[in-house]
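Structure, as structure tokens:
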Amino acid sequence: MQDYYPFQEVEKKWLKNWEDSDLHKTGDDPDKENYYVLEMFPYPSGNLHMGHVRVYSIGDVIARYKRMQGYNVLHPMGWDAFGLPAENAAIKHGNIHPKEWTWDNIAHMKEQMKAMGLSYDWDREVTTAAEDYYKWTQWFFTQMFNDDLAYKKESTVNWCPSCETVLANEQVVNESCERCGTEVDHRDLEQWFLKITDYAERLLDDHELLEGWPEKVKTMQKNWIGRSEGTRVNFELPKLNKELEVFTTRPDTLYGATYMVLAPEHPYVSELTAGTEKEDEVKEFVKKVKKQKEQERTSAETEKLGIFTGAYAENPVNGEKIPVYIANYVLMGYGTGAIMAVPAHDQRDFDFARKYNIDIKAVIQPEDQEEELVGSEMEAAYAGDGYLINSGKYNGLKVEEAFDKMAEDFSEAGFVKVETNYRLRDWLISRQRYWGAPIPIVYCDDCGTVAVPEQDLPVELPHDVEFSPTGESPLKKVDSFVNTTCPECGGPAKRETDTMDTFVDSSWYFMRYADSKNDEIPFTKENLDNWFPVDQYIGGIEHAILHLLYARFFTKVVHDMDLTEHVEPFTNWLAQGMVLKDGAKMSKSKGNVVDPKDILDEYGADTARLFILFASPPEKDLEWSDKGVEGADRFLNRVWRFVTENLELIKNEETQVDPDSLDKDAKTLYRTMHASIKKVTEDVGERLNFNTAISAIMELTNEVYSYLNDRSAEETNTALIKATAENIVLLLAPFAPFITEELWQYLGHQENVHADQWPEYKEEALKKDEITIVIQVNGKVRDKINIAADASEEEVKAQVMEEDKIQSYLEDGNLVKTIYIPKKLVNLVIE
RNA sequence: GCGAAAGUGGCGGAAUUGGCAGACGCGCUAGAUUUAGGAUCUAGUGGGCAAUCCCCGUGUGGGUUCGAGUCCCACCUUUCGCACCA
């Protein structure tokens, strides 16, 4: 037998065994509980990188552990296969079609995943670019269209000049494209949207169901959805004989409104100034503001610029005429695109009023201040609590009371409407690129905009297309695609040529796994809810808003379609950290990339998995270390030698250990064995701390080595050694699947180790006969004693007092107090 | 600016409930084995000290407590999120 672990042949052998035995097939034993563990599926770029190795290793440990614990486990994998890189690669390399490129990459990555020993049920594989998948993506779109959740409208949208397509708000980060980093600009276009805003409230409220999510991610989503409660208020615009509607969270400050502001894009701007002496000046100003970048314009530091329109509005609470301005600090995209300005109690309005010499009128008096606030003497806006002044019959009311009372009174009077406002915008899903699911819509001159009926789905993506980006969908130039017949009247009609955002594809894939081969419906409620929701989801924090918000939205839509009982897709979410090298994320440009292939070739899959799980807890960033990999390899070889070198000794031995027959050292090992089972079970099953679980297995291995070292073969308790060997192999099995299969077979088992039961620890085995009590003097550790575990407080204290060292302390002062913590320590307070 | 998380040996990290700081791994030192190297095994390894005694030690400064890496207050640094949202 070899004295090192021959990973190449062992991996080959067990890969074949697993394939032949269907070991990773999803369980369907009705007597077992179901468990669904899922890692975010990858974009098939062609090669696994270390980030993949990390996230899939984590998921695989959980899947294998849960199977051994006796669950039916759903652990599937698939491909987020539509998207720009396929097109870009095709453009760059010529003569290869995005489809071919994608499918080649999938085949290659799948082999790499298998080589890593990942226990996926490949029967349930989904590929979003496959017709039998995107048929249902289109189906969801048509269902949403019929429910008025998908609609087309013209608006100002984000445009990435590099990707040559529009982007959703969520895909714009710091005014740059989330994919490629190019600064986005804006275009006015007619595009398709999904009405995620209808679900804003539920997306927000249901955060409280997500106890297994990081608080940070929920906060990010809350900020993104941006709920604020307030009122809409109508101000008369006598000049236009119209009303100007504003949104405010402070209707209690209505008496303090001394001017109004319109966003430069507001439709009233031109109406108010047309034909007046202000017209040219205002046009000039609007032009100037529009040139400002969004980021600059929405920064708090940017100087507030504005211009008077010459028009006045009427404050509905007191009839006062107040001037209407246009300013850069009011955005068309939020609320109504117009505000009432209360400079005394809003810092932005205060700055603006000071600059343009507009009245400042205080209407909230701070309670702890004697002197009445006077607007003209204020140095900054006062946004705190207090009671109302200068507000007619509401004077004296506290802010909170005033809010309710005024909202109620003014609602009755008809110029105020209580309303909740959100920052969240509808999800723009049109894309002007080739490699995506076509939006299944037909335009007919007679019937209008018509959804493609179910029996005509999928609307297939044509194969032979000139897909170099032009800013318009490449499908537009494919006559055979564009020209069709209207599904309603049969007359000539034209197809929508935009494709869907790939985030639509990935918003429901985790549901399809539950019923991946269904060709009548995306999934049945029964099959989905057999597994849904995902018990443990694992993926990168970069999707905190994007994918995770969209997936939650889709789940709620699916719930409303009565295709699931559940309203949230992911019960627990683990955001795994990045893999770093030299303190930075691995990237080609930095030249600090470690290719998983090299590690697998040199050390094998088990070593790669073990290192990456041992180096750091899963949610923290992990620093790559070649030396650390060697350490993991050394440990696996240490386990290998322990089992193989002692095989003769233990081969025919029973694993039943009689604890009463053990000598002192054997008892210690026996206890460590059970303590390790407990530790690994808790760390893997509850805390998801794989690093400490592995260290516990290492400790047990070290301990058995030192036990064997200290005695001859005749003095060795071979049943205990066998039990230790079996438990080490079982505990290590989820982390290092190949080596443990091989050793399990050496130990005489016919079945796969992964088909065996997870070991259980015995509570009574953890008990110590003798325990160590720490003795402190004034809080400092001075000595330790060993004493029978069942010794009473008096017995412990008596023995403590007898210690020579302690006596010398007692001679130097008076014992004032003795603290006794059972089974742990005695602290003597001496003055 | 606001909010959150983090800060522990030469390095990655552990300490789960306020009770032995530094588990486990890397690295390093010494020894065994070996012709040698590698591999392996054994012992040691926070700093100071001749020392097993003792003193110091978990970003800094204070506090609570018999006892603080852990709780409280202030500050520093790093990372992340938010940042005219009316």
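Just so it is clear, the model here is predicted, and its values are computed rather than measured. In the text below, chain A, chain B and the rest are named by the order of the sequence lines, each starting its count at 1.
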query: Does A:Glu229 have any salt bridge (Lys or Arg N to Asp or Glu O under 4.0 Å) partners at least two apart in sequence or in another chain, and if so, which?
result: A:Arg227
- prompt: Are A:Arg425 and A:Glu170 ion-paired here, with the side-chain N under 4.0 Å from a carboxylate O?
  reply: no
message: Applying side chain to side chain donor-acceptor pair (under 3.5 Å) as the test, list every pair that has at least one member in residues 770-783 of chain A; sequence neighbours left out.
response: A:Thr772-A:Asn786, A:Arg782-A:Tyr809
From [options], pick the nucleotide closest to the side chain of [X]?
X: A:Lys805; options: B:rC53, B:rU16, B:rC41; result: B:rC53
X: A:Ser616; options: B:rA15, B:rC53, B:rG13; result: B:rG13
X: A:Ile339; options: B:rA86, B:rC66, B:rC82; result: B:rA86
X: A:Leu825; options: B:rG19, B:rC84, B:rA83; result: B:rG19

[N] [atom2] sits how many Å from [X] [atom1], rounded?
X: A:Asp683; N: B:rU16; atom1: CG; atom2: P; answer: 12 Å
X: A:Lys823; N: B:rC20; atom1: NZ; atom2: C1'; answer: 17 Å
X: A:Lys824; N: B:rU17; atom1: NZ; atom2: P; answer: 11 Å
X: A:Asn637; N: B:rG38; atom1: CG; atom2: C1'; answer: 14 Å

- request: Mind jotting down which residue pairs meet the salt bridge (Lys or Arg N to Asp or Glu O under 4.0 Å) criterion with at least one end in residues 252-269 of chain A? Sequence neighbours excluded, please.
  value: A:Arg250-A:Asp252, A:Glu265-A:Arg297
- prompt: Can you list every salt bridge (Lys or Arg N to Asp or Glu O under 4.0 Å) pair that touches residues 213-222 of chain A, not counting sequence neighbours?
  reply: A:Glu215-A:Lys218
Touch check for [X], heavy atoms < 4.0 angstrom, all strands: base, sugar-phosphate only, or nothing?
X: A:Tyr809; answer: sugar-phosphate
X: A:Asp351; answer: nothing
X: A:Lys218; answer: nothing
X: A:Val342; answer: nothing
X: A:Arg782; answer: sugar-phosphate
X: A:Val774; answer: base
X: A:Ser625; answer: nothing

Taking atom [atom1] in both [N] and [M], what distance in whole Å separates the two?
N: B:rU42; M: B:rC49; atom1: C1'; value: 27 Å
N: B:rU65; M: B:rG47; atom1: P; value: 35 Å
N: B:rC82; M: B:rC75; atom1: C1'; value: 23 Å

Check: A:His207/A:Arg552 side-chain N/O donor and acceptor closer than 3.5 Å: yes
field: Exercise: do A:Asn646 and A:Arg641 side chains pair donor with acceptor under 3.5 Å
entry: no
message: List the residues meeting side chain to side chain donor-acceptor pair (under 3.5 Å) with A:Tyr603, not counting sequence neighbours, and say none if there are none.
response: none
task: Measure from the side-chain N and O atoms of A:Arg609 to the backbone N and O of A:Phe735, and report whether any donor-acceptor pair falls under 3.5 Å.
output: yes
Donor-acceptor contact present, side-chain A:Asn315 to main-chain A:Leu254, <3.5 Å: yes
Heteroatom pairs (N/O) under 3.5 angstrom, protein to nucleotides 21-25 of chain B:
unit_1 : atom_1 : unit_2   : atom_2 : d
B:rA23 : O2'    : A:Glu699 : OE1    : 3.3
B:rA23 : O2'    : A:Glu699 : OE2    : 3.3
B:rG25 : OP1    : A:Asn702 : ND2    : 3.1

What pairs of nitrogen or oxygen atoms, one from the protein and one from nucleotides 3-10 of chain B, lie under 3.5 Å apart?
none

query: What residues in residues 674-681 of chain A put a non-hydrogen atom under 4.0 Å from any atom of RNA chain B?
result: A:Lys679
message: Is it the case that the ring center of A:Tyr4 lies less than 6.0 angstrom away from the ring center of A:Trp640?
response: no
query: Residues in side-chain contact (heavy atoms from CB on, under 4.5 Å) with A:Arg711, at least two apart?
result: A:Asp663, A:Asp665, A:Tyr707, A:Glu715, A:Thr716
field: Residue list, side-chain contact (heavy atoms from CB on, under 4.5 Å) with A:Thr258, at least two apart or on another chain
entry: A:Pro343, A:Ile358, A:Asp359, A:Lys361
Which atoms of nucleotides 45-50 of chain B (N or O only) lie under 3.5 Å from a protein N or O atom, and what are those distances?
none

- request: Mind checking which stems touch RNA chain B? I mean at least 3 consecutive Watson-Crick or G-U pairs, both distances under 3.5 Å.
  value: B:1-7 with B:76-82, B:10-12 with B:24-26, B:27-32 with B:40-45, B:46-48 with B:54-56, B:59-63 with B:71-75
field: Phosphate OP1/OP2 of B:rA86 contacted by A:Ser228 side-chain N/O (<4.0 Å)
entry: yes
field: Phosphate contact (B:rC41 OP1 or OP2) by A:Asn709 side-chain N/O below 4.0 Å
entry: no
- request: Go through the steps to decide whether A:Tyr325 and A:Phe352 satisfy the test ring pair (Phe, Tyr, Trp, His ring centres under 6.0 Å), and finish with yes or no.
  value: CA-CA 10 Å; A:Tyr325 281 73; A:Phe352 189 86; 5.6 Å; yes
query: Closest approach of A:Phe285 and A:Leu305, non-hydrogen atoms and distance?
result: CZ-O, 3.5 Å
message: Taking donor-acceptor contacts at under 3.5 Å, does the side chain of A:Asn827 reach the base of B:rC66?
response: yes
